[in-house]
Undergrad: 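Dumping the structure here so I can ask a few things about it.
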Number of protein chains: 2
Amino acid sequence: MIKVAVVDDHEMVRKGIISYLVTEPEIDVVGEAKSGNEAIKLVLEKRPEVVLMDLLMEDGNGIEATREILQHEPNCKIIIITSFYDDEQVFPAIEAGAFSYMLKTATADEVVRAIRKAVAGEPIIEPKVANRMMNRLRKQEKKPHHDLTERELEVLMCIGEGMNNQEISAELFIGIKTVKTHVSNILSKLDVADRTQAAVYANRNGVIKTNKH
Amino acid sequence: MIKVAVVDDHEMVRKGIISYLVTEPEIDVVGEAKSGNEAIKLVLEKRPEVVLMDLLMEDGNGIEATREILQHEPNCKIIIITSFYDDEQVFPAIEAGAFSYMLKTATADEVVRAIRKAVAGEPIIEPKVANRMMNRLRKQEKKPHHDLTERELEVLMCIGEGMNNQEISAELFIGIKTVKTHVSNILSKLDVADRTQAAVYANRNGVIKTNKH
DNA sequence: TTTTTTCTCCGTCTCAAGACGGAGGAAGCT
DNA sequence: AGCTTCCTCCGTCTTGAGACGGAGAAAAAA
């Protein structure tokens, strides 16, 4: 019997997954959790071999939970099942030690197969996600803005909010000349032409956290 | 018996909803669909009283499907169940004639209650969504960029991509002076100070469609 | 200790941005 | 026929943006 735990803040999703996992003879659903913290407790208690984990949850995220769980149970296979495949979700999850990465569009068969593969030591990566991973490896390994200094990142966030140099200087308690220096460095590091493009970059690449969902 | 149809592109979500709807004696799940087009066919065939509809689906969206369905079956109650409550999702859905609006964080009880209420003619609106509706009604009834002209909207999209006036003039085959005129009008209509803030606005308020799922 | 990185600031210079006002033509509405 | 809206373009003028080069101080790495 493979012991499986289901973590998702949506009751309907948990019930959906469980409803067809219970029909599998070799799979035993040992518990469910609706948050990262609950998941950690659940895993320490029931010690499942496999955890199906949603990334986007109300309290904190599934990424921290994944990291935490693997710290205590390194052999636990965590399968991410989420709706998104943008870079800001995928890569932190992989880094945190997630074993497989699937989308919620997956069918019942695919989920069951992923669980069996996980126990056998074979990860399953969603094709669309795999594509992104290839691109990342091919292109640059990391986002351009990763070689910005702390201060430059702060300035970039201000630019991303639409501030001008005057406002940024007031916000960060530095001179306008200094702001200009930072801006110039940011533009050349991000390889963009002006602050407008930098603002677009910031808003599209997760430098600014928008509060959707 | 209340005839209910379930529309969602995620199999696990459909199964999850159905798994506890079938335990309700008065509810009869007459079918499920995984896309907008399937949903329309399904409704025309089975004529359910209530449709549980996801908004974000792979083929087209649930909003068009909602509109289409109500054109043929005006008495059908469509309950939106989705993960998001941002303006770009909610208001088009309401305008399309959705009856209730719930989030996927809803519990089994809440869904069942929403179905019964729908049949009785009472809509259920998720509190967080209701808040946004109140704000919309109080503040402005519609987004500032809704009174931009066609041409101004095109220019705004260019700004949102980070183009400068020169590039916009080449893109739209108009003079730079004309671009400047449009930009000035856009800035005053959106009530922002410069093109950078306009670009931020465009990227945050759905003027630019990003390809995240 | 020396070297490198980072943050800070200065002056100069060029140019795109944007405000302001004016204007002609086309299309649609009353 | 008038009126309004929209798109187009013009000139002028002010100012913020950004490039370029230089530089001092502090902190971290070598």
Side-chain angles (χ1 to χ4, degrees), chain A residues 140-209, chain B residues 140-209:
Chain A
Q140 43 203 340
E141 186 65 31
K142 47 183 183 173
K143 291 275 174 142
H145 73 256
H146 281 180
D147 53 68
L148 293 184
T149 66
E150 274 302 311
R151 204 53 163 169
E152 285 163 353
L153 210 55
E154 290 182 79
V155 174
L156 179 56
M157 287 192 289
C158 290
I159 294 174
E161 295 292 344
M163 295 183 191
N164 61 24
N165 291 341
Q166 185 85 53
E167 292 166 328
I168 296 175
S169 115
E171 175 77 19
L172 301 180
F173 306 108
I174 55 180
I176 299 179
K177 296 294 177 58
T178 310
V179 176
K180 282 195 173 193
T181 305
H182 287 314
V183 172
S184 282
N185 292 334
I186 291 169
L187 298 186
S188 82
K189 284 187 182 178
L190 295 187
D191 195 32
V192 295
D194 51 43
R195 75 193 299 103
T196 303
Q197 289 183 8
V200 173
Y201 177 95
N203 278 277
R204 291 185 181 176
N205 294 86
V207 178
I208 311 288
K209 313 120 198 69
Chain B
Q140 43 201 342
E141 186 64 32
K142 47 182 182 173
K143 289 275 175 149
H145 74 258
H146 281 181
D147 53 67
L148 293 184
T149 66
E150 275 301 311
R151 204 53 163 169
E152 286 163 353
L153 210 54
E154 291 182 77
V155 173
L156 179 56
M157 287 191 289
C158 290
I159 294 175
E161 296 292 343
M163 295 184 191
N164 62 25
N165 292 341
Q166 186 85 53
E167 292 166 328
I168 296 175
S169 116
E171 175 77 17
L172 302 181
F173 306 107
I174 56 180
I176 300 179
K177 297 293 178 59
T178 310
V179 176
K180 282 195 174 194
T181 304
H182 288 314
V183 172
S184 282
N185 292 334
I186 291 169
L187 297 185
S188 82
K189 284 187 183 178
L190 295 187
D191 195 33
V192 295
D194 51 43
R195 73 195 297 105
T196 303
Q197 288 183 9
V200 173
Y201 177 95
N203 279 278
R204 291 185 182 177
N205 294 85
V207 178
I208 310 288
K209 312 116 197 78

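In what follows, chains are A, B, ... by sequence order, proteins preceding strands, each numbered from 1.
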Undergrad: Counting heavy atoms from C-beta on, name the nucleotide in D/dG18, C/dC7, D/dC7 closest to the side chain of A/Arg195.
TA: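 Closest nucleotide to the A/Arg195 side chain: D/dG18.
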Undergrad: Check the distance between C/dC7's C1' and A/Leu153's CG and give it to me in whole angstrom.
TA: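 Interatomic distance, CG of A/Leu153 to C1' of C/dC7: 15 Å.
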Undergrad: Check residues 162-177 of chain B and write down every donor-acceptor pair under 3.5 Å in which the side-chain atom is one partner and the other belongs to a residue at least two apart or another chain.
TA:
from, atom 1, to, atom 2, distance (Å)
B/Asn164, OD1, B/Gln166, N, 3.1
B/Asn164, OD1, B/Glu167, N, 2.8
B/Asn165, OD1, B/Arg195, NH1, 3.0
B/Asn165, OD1, B/Arg195, NH2, 3.1
B/Glu167, OE1, B/Asn164, N, 3.0
B/Ser169, OG, B/Gln166, O, 3.4
B/Ser169, OG, B/Ile174, O, 3.2

Undergrad: Rounding to a whole Å, what distance do you find between B/Ile186:CD1 and C/dA17:P?
TA: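 Going from B/Ile186 (CD1) to C/dA17 (P), I get 13 Å.
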Undergrad: Using whole Å, what does the distance between atom C1' of nucleotide C/dC15 and atom CG of A/Asp194 come to?
TA: 13 Å
Undergrad: Without decimals, in angstroms, what is the distance between B/Glu154 CD and D/dC6 C1'?
TA: 13 Å
Undergrad: Polar pairs (N or O, both sides) under 3.5 Å between protein and nucleotides 22-30 of chain C?
TA:
none

Undergrad: To the nearest 0.5 Å, tell me how far B/Thr196 OG1 sits from A/Gln197 CD.
TA: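 So the OG1 of B/Thr196 and the CD of A/Gln197 are separated by 10.0 Å.
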Undergrad: C/dC7, OP1 or OP2 - any side-chain N/O from A/Thr149 closer than 4.0 Å?
TA: yes
Undergrad: Let's see if you get this right: which residues in residues 163-178 of chain A place a heavy atom under 4.0 Å from DNA chain D?
TA: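 The answer is A/Asn164, A/Asn165.
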Undergrad: Using a cut-off of less than 4.0 Å, is there contact between a side-chain N or O of B/His182 and OP1 or OP2 of D/dT8?
TA: yes
Undergrad: Assign A/Glu152 to base, sugar-phosphate, or nothing according to its heavy-atom contacts below 4.0 angstrom with the strands shown.
TA: nothing
Undergrad: How close or far is atom C1' of D/dA26 from atom CD of A/Glu150, stated in whole angstroms?
TA: 17 Å
